[in-house]
J.: 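One structure coming up, written as structure tokens, with questions to follow.
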Amino acid sequence: SEANYYRAENSLLHVVLEKKRGIPISLALLYKEVGSAAGLLLRGINFPGHFLLVFGDGSTAGLVDAFTNRLLSETEAEEHFSKLLGRPVKLHPQWSSSPPLPNAVFLRRMILN
């Protein structure tokens with residue numbers, strides 16, 4: 001929940017699984033692994049301040065916000081990051097073609113949260 005966002009247990013996967021709540025990157029890891037088991041490739045995107053997943057490629061790509069449990073349009077993502085960072089934000093034109101975030105980078109970001 002947003003009220004308890006910074007509590008350490010929101011990063012612990014066993015607690016996140018039990019409570020069905022956590023920070024975006026912890027939830028994204030669970031989404032990514034469940035998706036993988038079902039044959040859906042979800043790629044982590046290392047956006048500043050909020051972690052999102054991407055599915056598809058090019059014009060068929062989409063953004064998944066595991067924290068809010070919903071799909072985001074490009075415009076919604078730009079609005080979210082603009083509000084978060086306090087300045088206008090435009091996604092890179094090739095965000096949908098970015099390579100998968102290496103597991104080591106994914107885990108490093110989890111540890112640093």
J.: Calculate, to the nearest 0.5 Å, the distance between atoms OG and CG belonging to Ser11 and Leu112 respectively.
T.: 11.0 Å
J.: Step by step, work out the side-chain contact (heavy atoms from CB on, under 4.5 Å) result for Leu52 and Phe81.
T.: CA-CA 11 Å; Leu52 297 176; Phe81 288 112; 3.8 Å; yes
J.: So how far is it from Asn10 CG to Ile25 CD1, rounded to the nearest 0.5 Å?
T.: 13.5 Å
J.: Measuring from Glu9:CD to Glu18:CD, what's the distance to the nearest 0.5 Å?
T.: 10.5 Å
J.: Indicate whether the side chain of Asp65 and that of Tyr31 have a donor and an acceptor atom separated by less than 3.5 Å.
T.: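 Looking only at side-chain atoms, Tyr31 and Asp65 do not form any donor-acceptor pair under 3.5 Å.
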J.: Are Phe106 and Leu12 connected in the hydrophobic side-chain network, where two residues link if heavy atoms are under 4.5 Å apart?
T.: no
J.: Kindly indicate whether the side chain of Met110, heavy atoms from C-beta on, has any atom under 4.5 Å from the side chain of Leu13.
T.: yes
J.: Short question: side chain of Arg43, backbone of Gly56 - any donor-acceptor pair under 3.5 Å?
T.: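 Judged by distance alone, yes, a pair lies under 3.5 Å.
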J.: May I ask you to test the Leu63-Val54 pair for a side-chain heavy-atom distance under 4.5 Å?
T.: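 Yes, their side chains come closer than 4.5 Å.
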J.: Do the side chains of Val15 and Ile23 join up, straight or via other hydrophobic residues, at under 4.5 Å, putting them in one cluster?
T.: no
J.: Please examine the side chains of Leu71 and Val64, heavy atoms only from C-beta on, and report whether any two atoms are closer than 4.5 Å.
T.: yes
J.: Does the side chain of Phe51 come within less than 4.5 Å of Leu27's, by heavy atoms?
T.: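 They are not in side-chain contact.
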J.: Is there a continuous path of hydrophobic side-chain contacts, each under 4.5 Å between heavy atoms, that joins Leu101 to Leu41?
T.: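 No, Leu101 does not connect to Leu41 through the hydrophobic network.
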J.: Once rounded to the nearest 0.5 Å, what's the spacing between atom CG of Leu40 and atom CZ of Phe55?
T.: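 Output value for this atom pair is 8.0 Å.
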J.: Do the rings of Phe67 and His50 sit parallel, tilted or perpendicular, given the 30° and 60° boundaries?
T.: perpendicular
J.: Does some side-chain heavy atom of Lys32 sit less than 4.5 Å from a side-chain heavy atom of Asn103?
T.: yes
J.: Are Leu107 and Val34 connected, step by step, through hydrophobic side chains (Ile, Leu, Val, Met, Phe, Trp, Tyr) whose heavy atoms are closer than 4.5 Å?
T.: no
J.: Show every donor-acceptor pair shorter than 3.5 Å between a side-chain atom in residues 87-94 and any protein atom, with sequence neighbours excluded, or say none if there are none.
T.:
from: His92; atom 1: ND1; to: Gln94; atom 2: N; distance (Å): 3.0

J.: Would a 4.5 Å heavy-atom cut-off, applied to side chains only, mark Leu84 and Phe47 as touching?
T.: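 SC-SC contact between Leu84 and Phe47 ruled out.
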J.: Measure from the side-chain N and O atoms of Ser82 to the backbone N and O of Glu78, and report whether any donor-acceptor pair falls under 3.5 Å.
T.: yes
J.: Which atom pair, heavy atoms only, marks the closest approach of Ser98 to Ile45?
T.: OG-CD1, 2.9 Å
J.: Nearest 0.5 angstrom please: Glu79 CD to Leu72 CG, how far?
T.: 10.0 Å
J.: Could you state whether Leu29 and Leu17 fall into the same hydrophobic cluster, counting links through intermediate Ile, Leu, Val, Met, Phe, Trp or Tyr residues with side-chain heavy atoms under 4.5 angstrom apart?
T.: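 Yes; Leu17 is reachable from Leu29 via cluster members.
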J.: Testing the basics here: between Ala66 and Pro24, what is the closest heavy-atom pair and its distance to 0.1 Å?
T.: CB-O, 4.3 Å
J.: Could you tell me whether Glu76 and Arg70 have a side-chain N and a carboxylate O separated by less than 4.0 Å?
T.: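 The answer is yes: the pair qualifies as a salt bridge.
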